[in-house]
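Working notes, structure below.
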Amino acid sequence: MDKKLSRDFTIPASFEDVDRLSREISDEIASICGQDVAFKLAVCITEACSNVIKHGYKHDRSQKITIRIRVSDRTVNLTIEDLARRFNPLDAESPDLSSVADLQKGGMGILMIRKMARDISYERKDNKNILTILL
Amino acid sequence: MFNLREEKKGAAIVYFSENSRMTGKESERFRHWCDDKEISKFSCVVVDCENLEFIDSMGIASLIRLYRVIMESGGKLLITRLSQEIKEVLATLRLDSLLAIKSDDPSSLIMDNC
């Protein structure tokens, strides 16, 4: 399958930097894969990195997150890597969608990724958390 | 980024500046802004999302909080003019059954519902 785009970014672990990257990359992806896929990618980048910032790095902005994006004809492969302590976001319990109180407790981000991804996997390798999302 | 217009007594339209993104810290600012504006004093609030370009889970949590605050004070919350992508996200999370999602002009919604 021909590669159409390959991008690697290493950004500070801050919400502002994640939002900036997700906006910039989704504009580029929209021109290749369409608005729908670009929006899903932006959601997955934002939610996965927010989890790292909150639960992995505990809001330490001096830490870094690496985001790798590979786009083939009909597939976007997104990888998020960080050096925080072991944290598998896939272990998180999904919130009860019928409970407003439960929705506010958390877990909605990973649920959004699960709903949008065709596949999602986690591995711990070389002291890194590596989350791979296929769109 | 957030604005409020009292359309008629007790009824307000909340709207966003152009190309707004409700993510991370911005979601937190929105919650504080709602508190500062004493949003619960309105019996009817329409959130006009025409300029809302993107929202993440923290932004959605802020909307749910707004819904709670208004419901608890006996008011009504309507959300309108969401992009197709955001509508689909809310539907995926089944929030379209919780939140009153419309597509009409906000002033018309105020006239018809408030």
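Just so we're on the same page: letters track the sequence lines, and every chain starts at 1. Just so it is clear, the structure is predicted and the values come from calculations on it, not from any experiment.
Residues of residues 40-51 of chain A that come within less than 4.5 angstrom of chain B, heavy atom to heavy atom, are A:Ala42, A:Val43, A:Thr46, A:Glu47, A:Ser50 in numerical order.
Few gaps surround CG on B:Asp112; more than 12 heavy atoms of other groups in view lie less than 6.0 Å from it. Residue-environment remark: CG (A:Asn127) stays at or below the threshold of 12 foreign heavy atoms within 6.0 Å. Counting non-hydrogen atoms of other residues, nucleotides and ligands closer than 6.0 Å to CD of B:Glu18 gives a total of 12 or fewer. Applying the 6.0 Å contact sphere to NZ of B:Lys41 captures more than 12 heavy atoms from other residues, nucleotides or ligands. Within 6.0 Å of atom CZ in A:Arg85, more than 12 heavy atoms from other residues, nucleotides or ligands are found, so the atom counts as buried in its surroundings. For B:Lys37, the NZ atom is loosely surrounded, since the number of other residues' heavy atoms within 6.0 Å does not exceed 12.
B:Thr92 touches chain A through backbone and side chain together, each having a heavy atom under 4.5 Å away. Interface remark: B:Leu95 contributes side-chain atoms only to the contact with chain A (heavy atom separation under 4.5 Å). Looking at B:Glu88, the atoms closer than 4.5 Å to chain A (heavy atoms on both sides) all sit in the side chain, from C-beta outward. Using a 4.5 Å cut-off between heavy atoms, A:Ser26 makes no contact with chain B at all.
For the atom pair CZ (B:Arg21) and OG (A:Ser22), the distance works out to 4.0 Å, reported to the nearest 0.5 Å. To the nearest 0.5 Å, atom OG1 of residue B:Thr23 and atom CD of residue A:Glu16 are 8.5 Å apart. Considering CE of A:Met112 and CD1 of B:Ile60, their distance stands at 4.0 Å, rounded to 0.5 Å.
Note: A:Arg23 leads A:Lys54, A:Arg23, A:Gln35 in heavy-atom pairs under 4.5 Å with chain B.
In the hydrophobic clustering of ILVMFWY residues, with side-chain heavy atoms under 4.5 Å counting as a link, A:Ile29 and A:Val18 come out together. Residue B:Ile55 is grouped with residue B:Leu66 when hydrophobic side chains (ILVMFWY) are merged at heavy-atom distances under 4.5 angstrom, including chains of intermediate members. There is a path of hydrophobic side-chain contacts, each under 4.5 Å, that joins B:Met1 to B:Phe30. Using a 4.5 Å cut-off between side-chain heavy atoms of Ile, Leu, Val, Met, Phe, Trp and Tyr, with links allowed through other members, B:Val45 and B:Ile110 fall into different hydrophobic clusters. A:Ile25 and A:Ile11 fall within a single hydrophobic cluster, where Ile, Leu, Val, Met, Phe, Trp and Tyr side chains are chained together by heavy-atom contacts under 4.5 Å.
Between B:Ala61 and A:Met108 the shortest heavy-atom distance is N-CE, 4.0 Å.
B:Glu26 places none of its side-chain heavy atoms less than 4.5 Å from the side chain of A:Phe15.
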